[in-house]
Amino acid sequence: TSGLPLIVERTMFWDSTHYGGHTANAVVNPTTHWIFAEGFQGFFDSYILIANATSTPTTAVLTFLRQDEAPFTTSVEVGAFSRETVHAGTYPELADRAFGIVVDSTVPVIAERAMYFASAPGKFWGGGHVNTGTPTPSTTWFHAEGATGTFFNTFILLSNPFSSPAT
């Protein structure tokens, strides 16, 4: 309430034991265009989460940029002051496929992508991660961390939302 700018993240834990969880950055503003480099339906369960903080209902068009295949497009209605969860597993066109995701909306929305994996006895998921989208692609990106070796495996995931190839 003092007007002092802050940085905000959200952490979510799974069930009362907190055996797993994930964290995502907040976004400064909703926008009509979001891009995600990663999604996979098969080993992972991928979800696209769309929040509409306006008084106007919207149609969000989701374009799944399938690896080595033509894009698959679908749409979802998102009511005023509400959110929708889109499970990639709903669409046979995405089964056992890697993809990037583009979300286009008629009004500014907030979009995230969550991925969960490895069901375990007594637990719905063994692990997962989430990411907020970016509204614009760039030719330069920065990561503060990356490690490989005996403990970590690092992957750089790329998605090209344009009709021409990128190198």
Side-chain angles (χ1 to χ4, degrees), residues 7-12 21-54 58-78 83-118 125-167:
I7 296 95
V8 178
E9 295 180 0
R10 179 212 59 236
T11 298
M12 295 171 58
H22 54 59
T23 299
N25 292 330
V27 297
V28 176
N29 293 305
T31 186
T32 58
H33 185 73
W34 294 99
I35 307 166
F36 301 87
E38 180 191 23
F40 189 91
Q41 188 58 43
F43 175 79
F44 292 97
D45 269 315
S46 292
Y47 296 86
I48 297 82
L49 314 154
I50 305 167
N52 178 2
T54 74
T58 187
T59 299
V61 176
L62 285 70
T63 303
F64 294 89
L65 307 171
R66 299 181 298 178
Q67 186 170 323
D68 301 323
E69 295 184 76
F72 166 71
T73 302
T74 189
S75 62
V76 61
E77 301 301 314
V78 185
R83 69 179 290 280
E84 288 294 324
T85 299
V86 179
H87 179 213
T90 303
Y91 307 104
E93 296 87 351
L94 301 175
D96 299 316
R97 288 176 173 86
F99 46 82
I101 307 155
V102 178
V103 176
D104 289 304
S105 177
T106 55
V107 301
V109 296
I110 302 99
E112 295 181 2
R113 184 266 307 127
M115 296 172 67
Y116 303 102
F117 59 93
W125 292 302
H129 52 90
V130 68
N131 205 359
T132 51
T134 184
T136 55
S138 177
T139 58
T140 305
W141 291 98
F142 299 92
H143 289 281
E145 180 184 18
T148 60
T150 58
F151 189 74
F152 285 105
N153 290 309
T154 299
F155 299 85
I156 303 298
L157 305 149
L158 309 172
S159 186
N160 178 3
F162 301 108
S163 58
S164 58
T167 301

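As the structure is a prediction and not an experimental result, all values here were calculated from the model. Values below: every heavy atom of this structure, side chains too, minus hydrogens, waters and symmetry copies.
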Gap separating the [atom1] atom of [X] from the [atom2] atom of [Y], nearest 0.5 angstrom:
X      : Y      : atom1 : atom2 : value
Leu94  : Ser46  : CG    : OG    : 8.5 Å
His87  : Leu49  : NE2   : CG    : 11.0 Å
Thr148 : Asn153 : OG1   : CG    : 8.0 Å
Glu84  : Ile50  : CD    : CD1   : 8.0 Å

Treating [X] as the side-chain partner and [Y] as the backbone partner, does any N or O pair qualify as donor plus acceptor under 3.5 Å?
X      : Y      : value
Thr154 : Ala147 : yes
Arg97  : Phe40  : no
Trp125 : Met115 : no

What heavy-atom pair brings [X] and [Y] nearest, and what distance separates the two atoms?
X      : Y      : answer
Asn160 : Ala166 : ND2-N, 3.5 Å
Trp34  : Val27  : CH2-CG1, 3.7 Å
Pro108 : Thr54  : O-CG2, 3.8 Å
Asn131 : Phe36  : O-CE2, 3.6 Å
Pro161 : Leu65  : CA-CD1, 3.8 Å
Asp45  : Gln41  : OD1-NE2, 2.8 Å

Under the salt bridge (charged side-chain N to carboxylate O under 4.0 Å, His left out) criterion, do Arg10 and Glu112 qualify, and how do the steps go? CA-CA 12 Å; Arg10 179 212 59 236; Glu112 295 181 2; 3.0 Å; yes

With distance as the sole criterion, is a donor-acceptor pair present between the side chains of [X] and [Y] under 3.5 Å?
X      : Y      : answer
Thr106 : Thr58  : yes
Ser105 : Thr32  : no
Thr23  : Glu9   : no
His22  : Tyr116 : yes

For the pair Phe117 and Phe43, name the ring-plane relationship: parallel under 30°, tilted 30 to 60°, perpendicular over 60°. parallel

